[in-house]
Number of protein chains: 2
Amino acid sequence: MTLDETDLRILRVLQRKGRISNADLSEKVNLSASACHRRVQRLESEGIIRNFVALLDPRKLSLPTTVFVEITLQSQSDDILDGFEKAVSRIPDVLECHLMAGSADYVLKVVAEDTDDFARIHRQHLARLPGVAQMQSSFALRTVFKTTALPI
Amino acid sequence: MTLDETDLRILRVLQRKGRISNADLSEKVNLSASACHRRVQRLESEGIIRNFVALLDPRKLSLPTTVFVEITLQSQSDDILDGFEKAVSRIPDVLECHLMAGSADYVLKVVAEDTDDFARIHRQHLARLPGVAQMQSSFALRTVFKTTALPI
DNA sequence: GTTGAAACTATAAGCCT
DNA sequence: AGGCTTATAGTTTCAAC
């Protein structure tokens, strides 16, 4: 399960052009089409490549608002944490959930149409999350940039 | 540039399976292959679909550590902001940069191998960013979940 | 928006070096 | 492991409805 420089080159390309044809990819990494295809298959089956997705434009879908929500729980017992994580994972507007070190227990990344829509998400979903002691929402005024490409 | 329910169905599928064949996609959304293909082309050319990418497993690539970095600048003048944004966009370890309302000016999402690697990123890149007055880093202990699929 | 057909391209599997 | 060949499968463009 070790990655050589050719594997990394393949991954660097696929992180940016997920629908590149195998022929074009093989040319970019100086490999025959069949050898390249075998490597991509291996990277997929080993789970290095998780999946291929389309990235959509949040603004064109009227979801330009990103909000980071810091949450402190009433306690750090496993039951409370599990219950919270299960509940939060069911909210489609929450794109990320991280368990944090330090002050807050969790940070959520939420997308919304606007502040009103975030108020709805808050009322309908966030305010009903179990075990929450405190919640602080920070609005992004503008997303400067965003990438899914890991620095490899 | 208006999206009907079929467009949304196409987008919902492609957000999760970016390499699904047009034949399979057309079946899922109850459309003929050619009509489906035309719609996907339109969604791409209109920029609703930004691009197709491979999502990699950060853990398998030894990048399991996510750090949120809150940054306050020395001033909010356009020059300072532009200089900061230009510089931060050149750091490959920074996956996201958001201009924030409220206390901090910017929030960065950074990935690293471990705390030592983050120390290197901090020393090599973050500490050298122009116009920074204050910086506070918050480590994620665990990413509970993460998706790129917008709630449409 | 649908169907069907044609030319092209990509993918999978087997075999050789 | 890479590379080559063949068979299968998928894509793209066209026409006509």
Side-chain angles (χ1 to χ4, degrees), chain A residues 1-63 147-152, chain B residues 1-64 113 147-152:
Chain A
M1 204 211 93
T2 178
L3 300 175
D4 63 15
E5 188 50 44
T6 304
D7 289 321
L8 291 178
R9 278 212 297 272
I10 289 172
L11 293 175
R12 285 185 201 117
V13 174
L14 289 179
Q15 279 199 113
R16 291 180 171 81
K17 293 181 77 77
R19 264 197 166 178
I20 190 174
S21 74
N22 184 61
D24 290 354
L25 176 60
S26 67
E27 200 181 324
K28 280 206 182 196
V29 301
N30 300 312
L31 224 56
S32 71
S34 57
C36 183
H37 186 255
R38 271 196 294 263
R39 283 193 183 239
V40 173
Q41 294 282 89
R42 204 198 96 213
L43 293 166
E44 281 191 69
S45 71
E46 281 179 355
I48 315 265
I49 297 175
R50 267 237 173 82
N51 55 349
F52 291 90
V53 301
L55 298 181
L56 311 185
D57 186 332
R59 311 195 60 126
K60 298 209 166 141
L61 292 159
S62 303
L63 289 168
T147 180
T148 57
L150 299 176
I152 57 171
Chain B
M1 205 212 92
T2 178
L3 299 176
D4 64 15
E5 188 51 44
T6 304
D7 289 321
L8 291 177
R9 278 214 297 274
I10 289 172
L11 293 174
R12 283 184 203 118
V13 174
L14 290 179
Q15 280 200 114
R16 292 180 168 81
K17 294 179 77 75
R19 264 196 167 177
I20 190 174
S21 75
N22 186 60
D24 291 355
L25 177 60
S26 67
E27 200 181 322
K28 278 207 181 194
V29 302
N30 301 312
L31 224 58
S32 68
S34 58
C36 182
H37 186 253
R38 270 197 296 266
R39 281 185 185 247
V40 174
Q41 296 279 85
R42 202 197 98 213
L43 293 166
E44 280 190 70
S45 71
E46 281 179 355
I48 315 266
I49 297 175
R50 266 238 173 81
N51 55 348
F52 291 90
V53 301
L55 298 181
L56 311 185
D57 186 331
R59 312 194 59 123
K60 299 210 165 140
L61 292 160
S62 304
L63 289 167
E113 291 175 23
T147 180
T148 56
L150 299 176
I152 56 173

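So you know, we letter chains A, B, ... as the sequences are listed, proteins then strands, and number each from 1.
A/R19 comes within 4.0 angstrom of nothing in the nucleic acid, heavy atoms only. Residue contacts for B/R39: at a heavy-atom cut-off of 4.0 Å it reaches the sugar-phosphate backbone alone, with no base atom in range.
You'll find that the side chain of B/H37 is closest to D/dT12, out of D/dT12, C/dG1, D/dG3. Distance from the side chain of B/Q41 is smallest to D/dT13 among D/dT13, C/dA10, C/dT2. Among the nucleotides D/dG3, C/dT3, C/dT2, the one closest to any side-chain atom of B/L31 is C/dT2. Set against D/dG3, C/dG1, C/dT11, the side chain of A/S32 has D/dG3 as its closest nucleotide.
Each of A/A33 and A/R38 was matched to the nucleotide of DNA chain C holding its nearest heavy atom; the match closer to the 5' end belongs to A/A33.
Note: CD (A/E44) to P (C/dT11) measures 10 Å, nearest angstrom. Going from atom CZ of B/R42 over to atom C1' of C/dG1 covers 14 Å, rounded to whole Å. As rounded to whole Å, 11 Å separates atom P of D/dG10 from atom CD of B/E27. Going from atom CG of B/N22 over to atom P of C/dT11 covers 14 Å, rounded to whole Å. Spacing between atom CZ of A/F52 and atom C1' of D/dG10 amounts to 16 Å, rounded to whole angstrom units. Across the protein-nucleic acid pair, B/R9 atom CZ and C/dG1 atom C1' stand 14 Å apart, rounded to whole Å. With rounding to whole Å, A/K17 atom NZ is found 13 Å from C/dA10 atom P. When the P atom of C/dA10 is taken as reference, atom CG of A/D24 falls 6 Å away, rounded to whole Å.
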*asked:* Quick one, A/L61 with B/L3, criterion side chain to side chain contact (heavy atoms under 4.5 Å, CB included). Give me CA distance, side-chain angles, the key distance, then yes/no.
replied: CA-CA 9 Å; A/L61 292 159; B/L3 299 176; 3.5 Å; yes
*Stepwise side chain to side chain contact (heavy atoms under 4.5 Å, CB included) test for A/I49 and B/L55*: CA-CA 6 Å; A/I49 297 175; B/L55 298 181; over 6 Å; no
*Starting from the C-alpha separation in whole Å, work towards a yes-or-no answer on side chain to side chain contact (heavy atoms under 4.5 Å, CB included) for A/K60 and B/I48.*
CA-CA 6 Å; A/K60 298 209 166 141; B/I48 315 266; 4.2 Å; yes
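Not a single donor-acceptor pair under 3.5 Å links the side chain of B/R19 to the backbone N or O of A/V53.
The shortest distance between side-chain heavy atoms of B/N51 and A/R16 does not fall below 4.5 Å.
Between A/S34 and D/dC4, a side-chain N or O to OP1/OP2 separation shorter than 4.0 Å is absent.
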